Every structure is written in structure tokens, then in C-alpha cells.
Amino acid sequence: MKSVSVESIVKAFKLEVLSGAERLDREITRSKAHRPGLEFVGYFDYFPMNRVQVLGRKEITYLLQQTVEERRLHIGNIVKYHPPCFIVTTGQQEIPFLEMYCDQEGIPLLRTQDKTTEFITKLDGYLLKALAPEMSIHGVCINVSGIGVLLRGRSGIGKSETAHTLIGRGHRFVADDVVVLKKLGPATLLGTHNTITREFLALRSIGLINVVRQYGRTAFQDETRIVLDIELTPWDDKALNNDLEVADQFTEYLGVKIPHIEIQLQPGRDTSGLIEAAANNWYLKQLGYSAAEEFMGRLEDEMPS
């Protein structure tokens with residue numbers, strides 16, 4: 001099971017460590033934060049003990065209204081489950097009682113100045129990506145007019161050169177050679193780099209280039225949602241057809257099906273232009289438009305009744 005350390009979220013969100021500094025190596029394995037509510041009144045049947053526990057103004061105010069004995073009981077009932085950490089939001093100061101209990105149990109107590117809802121949204125997004133199932137494949141990832149495209153094909157077929165041409169046309173580079181795919185949901189696949197190759201594109205006969213240095217910050221983005229899987233293959237006369245609309249095909253990654261298109265290569269063929277056309281065609285299909293259906297409709301209108 002994937003995990004991230006408490007220390008990683010301290011660094012990512014610049015959190016203040018109030019107690020438990022020696023236990024920042026504790027692991028977080030669940031992607032959604034939890035705000036304890038029913039737990040304060042003793043209901044623990046579905047308590048997600050492996051999640052980060054966030055205490056907003058509502059929770060802290062409730063605890064402050066309790067007697068010392070009631071507060072000890074409520075907090076004690078939660079800390080005994082040893083969640084990864086507690087995070088107090090909106091910079092609340094009146095929490096020495098909470099520091100005491102966290103110190104006793106060795107649980108990190110952290111604080112942020114962010115408002116509760118805003119912070120939870122950011123934290124959940126961070127943990128969702130950090131804990132997402134992932135795999136690495138050989139290919140190139142590029143964002144074409146806002147549409148994430150995965151380019152695949154055998155080594156030396158021209159994936160990186162095609163990506164370079166697309167960058168020159170104003171599209172955004174994401175990853176070359178090693179593309180990391182992360183599953184964020186049943187139908188959502190994210191493509192990104194492996195950090196080491198970030199911003200680098202390898203071109204045969206040229207070598208490595210830094211896309212950001214050569215083409216500017218707008219030529220690169222860290223990640224993109226993958227919606228098209230395009231495979232570059234050698235030209236094959238027997239395999240080509242001129243169907244008005246090619247039957248839908250899919251490639252599956254981590255259980256997510258992505259529309260698959262094969263583009264055959266031939267000297268003089270505008271591969272980058274075909275990729276742009278494929279991306280734009282996919283977008284139009286999401287809006288409910290099909291060029292083939294419109295064309296067939298025109299033919300039917302012209303046919304004598």
C-alpha cells in the first residue's frame with residue numbers, strides 16, 4: 001500500500017509543528033482528511049482512524065465549551081486510536097490542552113493559517129495524487145490544446161520529434177521517455193513525469209534539450225489528464241482503410257479505458273497535424289458532434305425519395 005509521511009505534508013503546506021516533531025515519519029495511507037464530529041460524543045463505529053484529522057473552528061470551539069473532564073474524555077477517546085496526525089486550521093491559539101494529549105501519545109499536532117474548507121480541499125487533492133495507484137510506461141506525454149495525449153510506439157519511431165514539433169506549434173510538453181500514469185478515479189488517468197526527466201526532451205542527433213529553457217514556461221506543464229492514447233506505427237499499405245469513421249478502440253491502463261488511435265507514418269506525412277486533428281475530433285465528440293454522421297445525413301438528404 002502506498003503511503004506518504006506526515007513530514008511531507010508539513011513541507012508541502014508549510015505547517016507549524018506544535019508537538020510530535022520526533023514522529024513526523026508517521027505514515028498516511030488514506031487520501032481524504034476527516035473532521036471528527038460524532039466521535040466527540042462517543043460514536044466510533046465508522047471512525048476513519050487512518051486519515052488525517054482536521055480540527056476547524058467548529059471543533060475547537062466545541063471542545064472549549066466542555067468541562068476539563070469532558071474535554072479529557074472526548075480527546076482521549078480519539079487519540080487512543082493514534083491517527084497519523086491532527087491539523088488545527090485558521091491559526092487557532094487556544095489549544096494547549098490538545099498539545100498535552102498529543103505529546104502524551106506521540107501524535108504530531110500541526111497548525112495552518114488556512115481556513116478549514118480551503119485547506120481540506122488542497123490537502124485532499126495532494127493526498128489523492130500522492131497515494132494514487134500508478135505505473136510507468138515508455139512514451140511521450142503532451143497536452144494538445146488542453147487535451148492530454150499519450151504518444152506510444154517503438155523506440156526510434158519519432159515520438160520525441162513529433163512532440164518537439166507540437167511544442168513549436170504552441171502545445172505543452174509533459175514528459176518524455178518515462179511517462180508516469182496515476183489513476184485518480186474510475187475514469188480519470190493523470191499523466192506526469194518521473195521528476196528526474198522533468199522538462200527534458202531527448203532528440204536523436206541533437207541530444208537532451210530543456211523545453212522550458214528553450215521555449216519558455218508556457219511550453220511545459222507538470223501533469224495532464226490523459227484522454228487519448230495514440231500509437232505511432234510504420235506505414236502498412238495493407239492495413240490502411242478509408243472508412244468514414246473508424247470503429248472505437250481502447251487501451252486500458254490501471255483499469256481505465258482510454259480511446260486508442262493508430263497513426264501510420266510515412267515520409268512527408270504531417271504527423272503532428274494529424275495528432276491535432278485527432279485531439280480536436282475527440283473534443284467535438286464530447287460535445288456530441290460527429291462529422292461522419294453529418295456527412296451521412298447530407299447524403300441521405302440528397303437521395304431521391
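All of these numbers come straight from a predicted model, not from anything done at the bench.
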Stepwise side chain to side chain contact (heavy atoms under 4.5 Å, CB included) check, Leu265 with Trp235:
CA-CA 5 Å; Leu265 305 182; Trp235 186 271; 5.9 Å; no
Side chain to side chain contact (heavy atoms under 4.5 Å, CB included) between Phe86 and Val79, intermediate numbers included:
CA-CA 9 Å; Phe86 288 94; Val79 298; 3.8 Å; yes
Could you walk me through whether Glu276 and Ser145 pass side chain to side chain contact (heavy atoms under 4.5 Å, CB included), step by step?
CA-CA 8 Å; Glu276 289 176 324; Ser145 299; over 6 Å; no
With salt bridge (charged side-chain N to carboxylate O under 4.0 Å, His left out) as the criterion, how do Glu293 and Arg298 come out once you've worked through the C-alpha distance, each side chain's angles and the decisive distance to 0.1 Å?
CA-CA 9 Å; Glu293 289 181 5; Arg298 291 182 184 183; over 6 Å; no
Derivation and outcome, side chain to side chain contact (heavy atoms under 4.5 Å, CB included), residues Arg152 and Asp229
CA-CA 8 Å; Arg152 295 188 299 110; Asp229 176 71; 2.8 Å; yes
Walk me through it: do Lys2 and Glu134 pass the test salt bridge (charged side-chain N to carboxylate O under 4.0 Å, His left out)?
CA-CA 10 Å; Lys2 293 183 67 177; Glu134 66 177 55; 3.0 Å; yes
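For the ring pair (Phe, Tyr, Trp, His ring centres under 6.0 Å) condition, no pair includes a residue of residues 172-192, sequence neighbours left out. For residues 6-22, the pairs satisfying side-chain hydrogen bond (donor to acceptor under 3.5 Å, both in side chains) are Glu16-Arg111, with sequence neighbours left out.
Residues Thr192 and Ala175 share a closest heavy-atom pair of O-CB, 3.7 Å. Scanning both residues, Pro36 and Val54, for their nearest heavy atoms gives CD-O, 3.5 Å. Pairing each heavy atom of Pro83 with each of Ile107, the nearest pair is O-CG2, 3.7 Å. The two atoms that bring Leu181 and Gly191 nearest to each other are CD2-CA, 4.2 Å, heavy atoms only. Closest approach of Glu99 and Leu18 over heavy atoms only: OE1-O, 3.9 Å. Closest approach of Leu127 and Ser31 over heavy atoms only: CB-O, 3.4 Å.
Residues meeting the ring pair (Phe, Tyr, Trp, His ring centres under 6.0 Å) test with Tyr81, sequence neighbours left out: Phe44, Phe47. For Pro84, the side-chain contact (heavy atoms from CB on, under 4.5 Å) partners at least two apart in sequence or on another chain are Val6, Ile28. Looking at residues two or more places apart in sequence or on another chain, you find a ring pair (Phe, Tyr, Trp, His ring centres under 6.0 Å) between Phe13 and Phe119, Tyr126.
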Which donor-acceptor pairs under 3.5 Å do the side chains of residues 182-189 make with protein atoms, sequence neighbours left out?
{"unit_1": "Lys182", "atom_1": "NZ", "unit_2": "Lys129", "atom_2": "O", "d": "3.3"}
{"unit_1": "Lys183", "atom_1": "NZ", "unit_2": "Leu254", "atom_2": "O", "d": "3.3"}

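A side-chain donor-acceptor contact under 3.5 Å links Glu70 to the backbone of Thr67. Proximity of a side-chain donor or acceptor of Gln92 to a complementary backbone N or O of Val88 within less than 3.5 Å is not detected. Checking side-chain atoms of Gln53 against main-chain N and O of Arg51 turns up a donor-acceptor pair under 3.5 Å. Checked by atom type and distance alone, the side chain of Gln264 pairs as donor or acceptor with a backbone atom of Asp236 at under 3.5 Å. In this structure, Gln104 contributes its side chain and Cys102 its backbone to no donor-acceptor pair below 3.5 Å. One N or O on the side chain of Gln66 and one on the backbone of Tyr62 form a donor-acceptor pair closer than 3.5 Å.
Within a 6.0 Å sphere centred on CD of Glu252, other residues, nucleotides and ligands contribute more than 12 heavy atoms. Around NZ of Lys32, the count of heavy atoms belonging to other residues, nucleotides or ligands within 6.0 Å does not exceed 12. More than 12 heavy atoms of other residues, nucleotides or ligands sit less than 6.0 Å from atom CZ of Arg169. The number of heavy-atom neighbours closer than 6.0 Å to OH of Tyr46, taken from other residues, nucleotides and ligands shown, is 12 or below.
With rounding to the nearest 0.5 angstrom, the CZ atom of Phe220 is 11.5 Å from the CG atom of Asn143. Taking CD of Gln214 as the reference point, atom CG of Leu201 lies at 9.0 Å (rounded to 0.5 Å). Interatomic distance, Leu166 CG to His171 NE2, rounded to the nearest 0.5 Å: 5.5 Å. Considering OG1 of Thr112 and CD1 of Ile120, their distance stands at 11.0 Å, rounded to 0.5 Å.
Looking at Val149, Thr224, Ile275, Val179 one by one, the single match for side chain to side chain contact (heavy atoms under 4.5 Å, CB included) with Ile142 turns out to be Val149. Paired with Thr116 under the rule side chain to side chain contact (heavy atoms under 4.5 Å, CB included), one option of Arg35, Lys58, Arg57 passes, and it is Arg35.
In the hydrophobic clustering of ILVMFWY residues, with side-chain heavy atoms under 4.5 Å counting as a link, Tyr253 and Leu131 come out apart. Put simply, Ile157 and Ile230 are part of the same group of oily side chains (I, L, V, M, F, W, Y) that touch within less than 4.5 Å, one to the next. Both Val144 and Leu287 are members of a single hydrophobic cluster when ILVMFWY side chains are connected at heavy-atom separations under 4.5 Å. Taken together through direct or relayed side-chain contacts under 4.5 Å among Ile, Leu, Val, Met, Phe, Trp and Tyr, Ile78 and Met100 form part of one hydrophobic cluster. A single hydrophobic cluster is seen to contain both Ile147 and Ile263, as judged by linkage of ILVMFWY side chains at heavy-atom distances under 4.5 Å, directly or through other members.
Side-chain contact check for Thr233 and Glu262: at least one donor-acceptor pair (N or O, by modelled atom type) lies under 3.5 Å. Residues Arg30 and Ser3 bring no donor and acceptor atom of their side chains to less than 3.5 Å of each other. Using a 3.5 Å distance cut-off with no hydrogens or angles, the side chains of His193 and Glu223 do not pair a donor with an acceptor.
Considering only heavy atoms from C-beta on, His74 comes within 4.5 Å of Leu63 through its side chain. Contact check for Asp176 versus Thr197: no side-chain heavy atoms found under the 4.5 Å cut-off. No side-chain heavy atom of Ile60 sits less than 4.5 Å from a side-chain heavy atom of Glu94. Arg26 has its side chain out of reach of Ser5: every pair of non-hydrogen atoms, C-beta onward, lies at least 4.5 Å apart. With a 4.5 Å cut-off on side-chain heavy atoms, Leu232 and Lys159 count as touching. In this structure, the side chains of Ile9 and Ile87 come closer than 4.5 Å at one or more pairs of heavy atoms. Within the 4.5 Å cutoff, the side chain of Ile75 has heavy atoms near those of the Tyr101 side chain. Contact check for Leu55 versus Thr89: no side-chain heavy atoms found under the 4.5 Å cut-off.
A cation-pi contact links Arg71 to Phe97, judged by a cut-off of 6.0 Å to the six-membered ring centre and 45° from its axis.
Classification of Asp177 and Arg198 as a salt-bridged pair fails, no side-chain N sitting under 4.0 Å from a carboxylate O. For the pair Lys122 and Glu118, the salt-bridge criterion is not met [side-chain N within less than 4.0 Å of a carboxylate O].
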